[in-house]
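Since the structure comes first, as structure tokens, the remarks are kept for the end.
Counting convention: from 1, in listed order, for ligands and their atoms alike. In what follows, every heavy atom counts, from backbone to side chain, and hydrogens, waters and symmetry copies are set aside. Computed from a predicted model, the values in this text were never measured in an experiment.
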Amino acid sequence: MSEAIPVGHPQPSETSAWVRRFLPLVAPGGSVLDYACGSGRHARLFAARGFRVVAVDRNAEALATLAGEPRVEPRCEDLEDGPWPLAGEVFDAVVVTNYLFRPRFADLLACVGPGGVLIYETFMLGNERFGRPSSPEFLLRPGELLDALGAGFTVLAFEQGVVERPKSAVVQRVCALRRAADSVALPSASE
Ligand SMILES: C[S@@+](CC[C@H](N)C(=O)[O-])C[C@H]1O[C@@H](n2cnc3c(N)ncnc32)[C@H](O)[C@@H]1O
């Protein structure tokens with residue numbers, strides 16, 4: 001997905017409020033996959049809280065900034081072409097931000113282990129009026145993340161609409177569990 005952040009454009013260093021909100025749901029000391037991590041803003045966030053993080057991206061230069069980061073294993077892999085690099089691996093949490101590649105969605109969901117958490121936030125249709133990404137290939141359709149989750153997931157929280165962060169964008173975001181949510185305390189929102 002080359003359109004979202006044009007070459008030379010700085011990647012955001014602030015972590016996502018949506019990711020921070022649901023981080024407490026991840027089992028303490030658990031394993032986390034930062035999927036298409038870029039320079040690993042969320043890998044660093046989770047590692048700083050004591051989680052073991054696998055940070056995957058195809059951008060070796062961005063991954064190199066994670067070298068030596070305690071508890072972070074950077075992996076340079078192509079998540080779209082070639083053999084699936086995460087075959088058979090499961091994590092207590094999978095975090096995806098600002099990335100969409102539909103053909104691998106089922107593989108991505110399979111990385112959420114039993115009882116695990118999926119925290120996903122990316123752009124959706126409507127974002128084209130504010131800027132990039134603007135191609136429908138990289139923009140979720142209304143409700144698409146909900147539709148993509150199978151019966152094995154319980155949706156804890158879902159939002160879609162315009163946010164200011166600080167630039168206007170249209171995003172969709174979900175937090176879903178691979179377990180029942182009836183005994184889960186909902187973390188409160190704090191932007
Ligand atoms: C907009 S950035 C988001 C980075 C990070 N998730 C974040 O929110 O800060 C999209 C990332 O997807 C990665 N990416 C694009 N295509 C990829 C592919 N085929 N395999 C692995 N990573 C890819 C890019 O290298 C880039 O780091």
Side-chain angles (χ1 to χ4, degrees), residues 1-23 26 31-49 51 53-67 69 72-87 89 91 93-112 117-128 130-140 144-145 148 159-160 163-175 191:
M1 172 180 163
S2 55
E3 197 199 19
I5 302 287
V7 175
H9 191 290
Q11 296 195 357
S13 54
E14 278 266 307
T15 53
S16 152
W18 187 254
V19 173
R20 291 197 305 273
R21 176 178 173 190
F22 294 105
L23 179 151
V26 189
S31 60
V32 178
L33 173 63
D34 188 357
Y35 190 89
C37 64
S39 49
R41 58 190 173 130
H42 297 119
R44 292 170 215 275
L45 170 72
F46 279 88
R49 306 283 181 90
F51 296 96
V53 185
V54 170
V56 185
D57 202 284
R58 71 171 173 192
N59 183 334
E61 201 181 326
L63 281 177
T65 67
L66 286 167
E69 196 72 38
V72 178
E73 180 192 340
R75 286 196 207 164
C76 193
E77 302 282 5
D78 194 318
L79 295 164
E80 299 176 9
D81 276 334
W84 175 234
L86 296 162
E89 293 191 68
F91 300 85
V94 175
V95 176
V96 192
T97 55
N98 298 354
Y99 177 80
L100 177 64
F101 182 66
R102 293 181 171 92
R104 280 271 160 86
F105 206 79
D107 293 312
L108 158 62
L109 292 183
C111 290
V112 183
V117 187
L118 172 70
I119 306 172
Y120 201 141
E121 175 181 58
T122 195
F123 301 94
M124 69 175 285
L125 286 173
N127 191 69
E128 64 278 9
F130 295 121
R132 299 173 80 180
S134 56
S135 162
E137 190 182 350
F138 304 128
L139 299 174
L140 289 161
E144 186 174 355
L145 284 177
E159 291 183 354
Q160 54 189 347
V163 294
E164 309 295 332
R165 54 176 203 180
K167 192 174 155 293
S168 301
V170 187
V171 305
Q172 189 173 126
R173 45 203 187 189
V174 73
C175 174
E191 283 292 329

Member of Glu137, Glu80, Glu144 meeting the salt bridge (Lys or Arg N to Asp or Glu O under 4.0 Å) criterion with Arg102: Glu144
If we ignore hydrogens and angles and just use 3.5 Å, is the side chain of Thr97 paired with the main-chain N or O of Glu121 as donor and acceptor? no
Contact partition for Cys37 relative to ligand 1, non-hydrogen atoms under 4.0 Å: backbone
Glu77 heavy atoms within 4.0 Å reach ligand 1 at atoms 20 (N), 21 (C)
Test of proximity, Arg58 against ligand 1: N or O pairs below 3.5 Å: yes
Give the atom numbers and elements of ligand 1 that come within less than 4.0 Å of a heavy atom of Asn59. 25 (O)
Per-atom contacts of ligand 1 with Thr97, taking only distances under 4.0 Å to non-hydrogen atoms: 3 (C), 5 (C), 6 (N), 7 (C), 8 (O)
Contact with ligand 1 for Ala62, non-hydrogen, under 4.0 angstrom: no
Looking only at distances, can you tell me whether any N or O atom of Asp78, backbone or side chain, sits closer than 3.5 Å to an N or O atom of ligand 1? yes
Below 4.0 Å from any atom of ligand 1, is there a heavy atom belonging to His42? no
Does any N or O in the side chain of Asn127 come within less than 3.5 Å of the main-chain N or O of Pro133, such that one atom is a donor and the other an acceptor? yes
Would you call Arg75 and Glu89 a salt bridge, using N to O less than 4.0 angstrom? yes
May I ask you to test the Phe91-Val54 pair for a side-chain heavy-atom distance under 4.5 Å? yes
Atom indices of ligand 1 within 4.0 angstrom of Arg41 heavy atoms, with elements: 7 (C), 8 (O), 9 (O)
When you measure from atom 27 (O) of ligand 1 to each heavy atom in Val19, Asp57, Val56, Leu79, which option holds the nearest one? Asp57
Can you tell if the side chain of Val112 reaches within under 4.5 Å of the side chain of Leu33, non-hydrogen atoms only? no
Report yes if some heavy atom in the side chain of Asp78 is under 4.5 Å from a heavy atom in the side chain of Pro85; otherwise report no. no
